[in-house]
A.B. asks: 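Here it is: the structure, laid out below.
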Amino acid sequence: MSPPVSIWRWLAPMFAVTVTLIVASLLIIALGKNPLVAFAALVDGALAGPGLGNLQATINRSAMIVGAALAAGLALRSGFLNIGIEGQMVVGGVTAAITAQWLAGVPVLGLPAVLLCAALAGGLWALCAGLMQLRLGIPLLISSLILNYPAIYLASWLVGHPFRDVTSGMAASPRVPAELRLSPVAGTEIYLSAPIVLVLAVVMALFFRRMTLGYAARMAGMSPRFARASGISVDRLGAYVVFASGAIAGLLGALAVLGEHHRYIDGMLVRPLYAWTGLMAVLLGGTGIPGLVAAGGFFAALSTGAMGMERAADVPREISRVLLACIILLVAARGSARLGGDKG
Amino acid sequence: MNNAVTLRGIVKQFDSVTANAGVDLAIDVGEIVALVGENGAGKSTLMNILYGLIEPDAGDILVRGTRVRFTSPLDAIRAGLGMVHQHFMLFPSLSVAENIVFAAEPKKRGLLDRVAAEHAVRQLAGRYGLNVDPAARVADLPVGIRQRVEILKLLYRSADVLIFDEPTAVLTPKERLGFFDVLARLRDQDKAIIFITHKLDEVMAISDRAVVMRDGVVTAQLETATTSPRAIASAMVGHDIDLTSRVPTGHPGQTVLVVEGLSALGHGAHSVRDVSFSMRAGEIVGIAGVAGNGQNTLIEALIGLRPIDTGRIEVSGQDVTGAGVAGRRRAGMAYIPEDRQSVGLADAASVQDNLVMGHHGQRSQGGFLRLRALAAFCRRLVERFAVKITDSRQPASALSGGNQQRLVVARELAKNAPVLIAEQPTRGVDISAVEFIHTELICHRDAGNAVLLVSADLAEILSLADRILVMYEGRIVADIARARANEAEIGLLMAGQRPT
Ligand SMILES: Nc1ncnc2c1ncn2[C@@H]1O[C@H](COP(=O)(O)OP(=O)(O)OP(=O)(O)O)[C@@H](O)[C@H]1O
Ligand SMILES: [Mg+2]
């Protein structure tokens, strides 16, 4: 039989990573480069660099990916598959950029108000998808996905037309007033999103372990029929967690606007693939918080490292996409191979 | 005699539990062996090893004298083995016929020939007297009927060595007799049969030999012809036990449950039509009926899992017709569902998480669980109900069937609800646990609560219930006090006939 589950949970991703490294080496050799040089450049590009600049970039990227993974993981662990994190991030980001214009000059309460609006907008956007499942019977998997597109196009249009910063050449909102910006962690280039996401991860772990509602959500995720028969109203619970999941995504979008770009630039949350990478982190690391954080960090390191690899070893950074796909396939195959029951 | 299978020195360790500690067992062709033992004795594990589902840590398996090594059930099936599992292994979204012919389908142009499959299933069902609707979706069927499907699936494949893990746990007496006829016929065709049961009368009725397991080893092998239920029972538990307890009748008090003109749509023939009855504190009311006559629909409608079309439900004077499960439970209902695996438990959740469900609200403060109180509560229940676990964090799926049942019963009894709905409460538990759960149900009644008992086992109803309702085709066709009840009459009512 297979080894005990706990070991297996760590062993499987390790195995996936090893196989992937072998595949990548072969690819790099096929490109006529030395894989060891390439990997050294990859590690340097992810974790070192002058003044540890690369590491800081990795941390910043991890924050977004892990944040997205937390948002998706919250819903998934409760049995709801919200894959519209991207759209919800965009809605939150653009909301933050716009409300920041309106709330400029409001002392003290301005910043919390902007963050609140962004979270609310992301949450409501997710809730729309949730209600489509609960009221119309459209599976959340589909409803949350299709709501991505209107979110992205709506944001494009908003910053391309009514809220465009005409002084800049791109489709972007005007700059956020200085008093509403989030400055990086003192003495570093690390945006405030990193510590905030870390706190969020701890809060979520506590939620599932210690809170009544978190317990109910966990049970609903493991067996909705059991939860229902025990008197948990799974539908209402679903509405809560899907809203909260969207709110986290929205908040994340706002953090990127207020802390990183100081404006909403069309595509800024879409092009880096934060949401999709976050979803893959959930797939790789599971919905347990430590695994999810580790997987998110790993993916972030992989993509910042790939840029370094391209610069230093002249290996195309698309290799990192191949690596990622490879890992996901391996992990997914493992998941379905274990689906059969073995209890009599 | 001819040896069919031999197990030699089988060992299987799960973490810190030794489920099988060197088991030797030989079964001949043309023999029915009853495998008995307490919950967690290692019976299912042994059979799963024989069937290739679990690989043993040590030991040999011989089929017709040759050593075999099974890495999956497919190997076992090829070697002529077949098994009905304690926990059903059916595809819920497929039809009965599709499940039965699975992996041996009649084909037409490379595709499943549905008509032929349904025909074959209907014939098979008719031949063995196990009635099923071949076109019904398995997910829509109550467990009693799923059990029939599992048995038919095995019969369809015509294996030489047949393993049944508690096949009778949810069969009615009549079905059980039919099933025994089937077994006897198979024995005469020189098949080897192993069946696991907790019911000693079954062992006496059908087996040639009783094999008793205890703590992972075979402790006794008794020829049925020369032994007694009492001897088997004491070999199982390790000491003498009393098999002849009489249940004193209850003292009914105030009415706690009123059901008026209840109709609810079930699947196909399983609807409930215009059902009215009431229950009083201090009585156990049994519902007797052949599986599929609306009992499940009625129970689901009562607890709030199924919408009702017309009618009214009142719990302790409070109208709960419009309430959901939470509201009904708050008004004083508790529920032991028959389908413990997917409704009674969350298989993947820990023992503690399963036990505290519904008790966690009182053991929390400001939205936070009081972990220490929960752990203490869990420990108390595990101890009181003698659930065999190694760790309260292990998943419920790692427990033996009977121990899973104990979890559900423990949790629901601990709610001290004025109205307890107990559906097949002793499904799959061993004799001492049956005894224990019966005693607990009676205590619950004597503490001034009402118990609605649904069981496929008429003997269980006759011994426990103060009053018996008989259901037939979605209606209550009789309401009989225990003093006036007799088995033959109830049997007739269950079959839809009016006794004269
Ligand atoms: N997958 C598993 N992981 C850990 N422990 C297990 C697992 N399967 C079984 N066990 C343990 O092995 C022991 C034997 O279990 P088994 O299911 O064989 O009992 P059983 O005799 O069939 O009992 P029952 O009559 O309750 O069905 C039990 O203590 C059980 O907890
Ligand atoms: Mg068993």
A.B. asks: What residue pairs, at least two apart or across chains, pass side-chain hydrogen bond (donor to acceptor under 3.5 Å, both in side chains) with a residue in residues 214-223 of chain A?
C.D. replies: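 Counting only pairs at least two positions apart or across chains, the side-chain hydrogen bond (donor to acceptor under 3.5 Å, both in side chains) contacts touching residues 214-223 of chain A are Arg218(A)-Asp353(B).
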A.B. asks: Given the options Gly344(B), Gly304(B), Gly324(B), Pro337(B), which has more heavy-atom pairs under 4.5 Å with chain A than any of the others?
C.D. replies: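 Among Gly344(B), Gly304(B), Gly324(B), Pro337(B), the one with the most close pairs to chain A is Gly344(B).
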A.B. asks: Looking only at heavy atoms and a cut-off of under 4.5 Å, which of Ala229(A), Ser233(A), Ala216(A) has the most pairs with chain B?
C.D. replies: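 Most heavy-atom pairs within the cutoff with chain B belong to Ala229(A).
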A.B. asks: Does some side-chain heavy atom of Leu371(B) sit less than 4.5 Å from a side-chain heavy atom of Arg210(A)?
C.D. replies: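 Yes - at least one pair of side-chain heavy atoms lies under 4.5 Å apart.
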A.B. asks: Given that the side chain runs from C-beta out, which part of Leu206(A) has a heavy atom under 4.5 Å from chain B: side chain, backbone, both or neither?
C.D. replies: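 Neither part; nothing is under 4.5 Å.
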A.B. asks: Does Arg236(A) have any side chain to side chain donor-acceptor pair (under 3.5 Å) partners at least two apart in sequence or in another chain, and if so, which?
C.D. replies: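 Arg236(A) satisfies side chain to side chain donor-acceptor pair (under 3.5 Å) with no residue once adjacent residues are dropped.
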A.B. asks: Say you draw a straight line from CG of Leu369(B) to CZ of Arg209(A); how long is it, rounded to the nearest 0.5 Å?
C.D. replies: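 So the gap between those two atoms works out to 10.0 Å.
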A.B. asks: Please report the shortest heavy-atom distance between Ser342(B) and Arg225(A), naming the atom on each side.
C.D. replies: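 The pair with the smallest heavy-atom distance is OG-NH1, 3.2 Å.
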A.B. asks: Which residues, numbered in order, of residues 115-141 of chain A come under 4.5 angstrom of chain B by heavy-atom distance?
C.D. replies: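 Counting heavy atoms that sit under 4.5 Å from chain B, no residue of residues 115-141 of chain A is involved.
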A.B. asks: List the atom of His360(B), the atom of Thr212(A), and the distance in Å for their closest heavy-atom pair.
C.D. replies: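 Of all heavy-atom pairs spanning His360(B) and Thr212(A), the closest is CD2-CG2, 3.3 Å.
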A.B. asks: How close do Gly231(A) and Arg329(B) get, heavy atom to heavy atom, and via which atoms?
C.D. replies: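 So the two residues come closest at N-NE, 4.1 Å.
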A.B. asks: Using the salt bridge (charged side-chain N to carboxylate O under 4.0 Å, His left out) criterion, which residues pair with Arg363(B)? Sequence neighbours excluded.
C.D. replies: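 Here no residue qualifies.
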A.B. asks: Where on Asp339(B) is there a heavy atom nearer than 4.5 Å to chain A: the side chain, the backbone, both, or neither?
C.D. replies: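 Interface part for Asp339(B): side chain.
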A.B. asks: In terms of heavy-atom pairs under 4.5 Å, which option from Gly358(B), Ala349(B), Pro395(B) contacts chain A the most?
C.D. replies: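 The residue among Gly358(B), Ala349(B), Pro395(B) with the greatest pair count is Ala349(B).
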A.B. asks: Counting only heavy atoms not in Gln365(B), do more than 12 fall under 6.0 Å of its CD?
C.D. replies: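 Not buried by this count: 12 neighbours or fewer within 6.0 Å.
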A.B. asks: Please round to the nearest 0.5 Å and tell me the distance separating atom CG of Asp347(B) and atom CZ of Phe226(A).
C.D. replies: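 Separation between the atoms: 10.5 Å.
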A.B. asks: How close do Ala346(B) and Met222(A) get, counting heavy atoms only, and between which atoms?
C.D. replies: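 Where Ala346(B) meets Met222(A) most closely, the heavy atoms are CB-CB, 4.3 Å.
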A.B. asks: Is a side-chain donor or acceptor of Ser230(A) paired with a backbone partner of Met357(B) at a separation under 3.5 angstrom?
C.D. replies: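 No.
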A.B. asks: Below 4.5 Å from any heavy atom of chain A, which atoms of Arg411(B) appear? Answer side chain, backbone, both or neither.
C.D. replies: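 Contact with chain A: side chain only.
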A.B. asks: Name the region of Leu345(B), side chain, backbone, both or neither, that has any atom closer than 4.5 Å to a heavy atom of chain A.
C.D. replies: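 Just the backbone, heavy atoms under 4.5 Å.
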